[in-house]
Student: 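Below is the structure I would like to discuss, written out as structure tokens.
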Amino acid sequence: MALYSILSDLGFIDKKEYLLFCKVGGILGGHPTRNPSIGVEISSGSLGHGASIGLGKALALKLKNILDKNIYVVLGDGECNEGSVWEAA
């Protein structure tokens, strides 16, 4: 929900979509599914994968010498128990 709240504040998602969270016909699932029209660039799937994907995107930008972009990763406290989060760190 934190991701969807941020995307709503940025104008990607109408707050009315919250009523359809995890429901048939809604665009907001329990795991974010790739949908660039609402600001979701990747399907994150299992816990912890977002950190590794974010790291990969940041390293790719650095290798291309693109230094004026930012990569943001939102992690939950329980997610930080996943090994892939610490491998990315």
Side-chain angles (χ1 to χ4, degrees):
M1 287 302 294
L3 172 64
Y4 298 142
S5 295
I6 292 166
L7 292 174
S8 178
D9 286 347
L10 294 173
F12 285 99
I13 298 171
D14 190 318
K15 285 187 172 31
K16 290 185 277 186
E17 289 294 333
Y18 293 169
L19 299 173
L20 297 174
F21 176 68
C22 285
K23 293 187 178 170
V24 175
I27 60 171
L28 308 178
H31 285 280
T33 303
R34 186 179 187 282
N35 186 345
S37 68
I38 65 166
V40 179
E41 296 180 7
I42 55 111
S43 297
S44 59
S46 299
L47 292 175
H49 288 178
S52 297
I53 293 167
L55 174 63
K57 286 180 166 274
L59 289 174
L61 290 172
K62 184 176 179 181
L63 286 172
K64 292 180 179 181
N65 205 29
I66 300 172
L67 305 176
D68 61 341
K69 303 280 184 192
N70 295 309
I71 302 294
Y72 297 94
V73 175
V74 179
L75 297 170
D77 59 344
E79 186 173 20
C80 290
N81 289 324
E82 296 292 327
S84 59
V85 169
W86 295 106
E87 290 170 6

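What you see is a predicted model; the values in this text were computed from it and never measured. Position 1 is the first residue of the sequence; numbering continues from there.
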Student: Judged by modelled atom types alone, do Asn35 and Thr33 share a side-chain donor-acceptor pair under 3.5 Å?
Tutor: no
Student: May I ask you to test the Leu67-Leu61 pair for a side-chain heavy-atom distance under 4.5 Å?
Tutor: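 Heavy-atom side-chain distance check fails, nothing below 4.5 Å.
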Student: Check whether Ile6 and Ile53 end up in the same hydrophobic cluster, where Ile, Leu, Val, Met, Phe, Trp and Tyr are linked by side-chain heavy atoms less than 4.5 Å apart.
Tutor: no
Student: Show which side-chain atoms of residues 81-89 pair as donor or acceptor with protein atoms under 3.5 Å away, not counting sequence neighbours.
Tutor:
from, atom 1, to, atom 2, distance (Å)
Ser84, OG, Gly48, O, 3.4
Trp86, NE1, Cys80, O, 2.5

Student: Should Leu28 and Cys22 count as side-chain neighbours, where that means a heavy-atom distance under 4.5 Å?
Tutor: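 Sidechains of Cys22 and Leu28: no contact.
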Student: Just wondering, do Leu19 and Phe21 contact through their side chains at under 4.5 Å, heavy atoms?
Tutor: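 No, side chains not in contact.
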Student: Are Ile71 and Leu63 in one and the same hydrophobic cluster, where Ile, Leu, Val, Met, Phe, Trp and Tyr link if side-chain heavy atoms are under 4.5 Å apart?
Tutor: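 As far as the 4.5 Å side-chain criterion goes, Leu63 and Ile71 are not connected within one cluster.
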Student: Stepwise, does the side chain to side chain contact (heavy atoms under 4.5 Å, CB included) test hold for Val74 with Glu79?
Tutor: CA-CA 10 Å; Val74 179; Glu79 186 173 20; over 6 Å; no
Student: Looking at Asp68, I want to see if its CG is surrounded by more than 12 non-hydrogen atoms of other residues, nucleotides or ligands under 6.0 Å.
Tutor: yes
Student: What is the distance from atom CG of Asp14 to atom CG of Leu20, rounded to the nearest 0.5 Å?
Tutor: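 Result: 10.5 Å between the selected atoms.
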Student: So, Ser8 side chain and Tyr4 main chain: donor-acceptor pair closer than 3.5 Å or not?
Tutor: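 Judged by distance alone, no pair lies under 3.5 Å.
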Student: Between Ala51 and Leu75, what is the shortest heavy-atom contact and its length?
Tutor: CB-CD2, 4.2 Å
Student: Do Val40 and Leu10 belong to the same hydrophobic cluster, where Ile, Leu, Val, Met, Phe, Trp and Tyr are linked whenever their side-chain heavy atoms lie under 4.5 Å apart, directly or via other members?
Tutor: yes
Student: Does the side chain to side chain contact (heavy atoms under 4.5 Å, CB included) test come out yes or no for Ser37 and Phe12, once each step is laid out?
Tutor: CA-CA 7 Å; Ser37 68; Phe12 285 99; over 6 Å; no
Student: Checking Lys62 now: which residues fulfil salt bridge (charged side-chain N to carboxylate O under 4.0 Å, His left out) with it, not counting sequence neighbours?
Tutor: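 Lys62: no salt bridge (charged side-chain N to carboxylate O under 4.0 Å, His left out) contacts found.
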Student: Supply the atom-to-atom distance Lys57 NZ to Asn70 CG, rounded to the nearest 0.5 angstrom.
Tutor: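 If we round to the nearest 0.5 Å, Lys57:NZ and Asn70:CG are 13.5 Å apart.
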Student: Is there side-chain contact between Leu59 and Lys64, with heavy atoms separated by less than 4.5 Å?
Tutor: no
Student: Indicate if Ile38 and Ile42 have the same hydrophobic cluster label, given that clusters are the connected sets of ILVMFWY residues with side-chain heavy-atom separations under 4.5 angstrom.
Tutor: no
Student: Ile27 versus Glu17: any side-chain heavy-atom pair under 4.5 Å?
Tutor: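 Touching, per the 4.5 Å side-chain cut-off.
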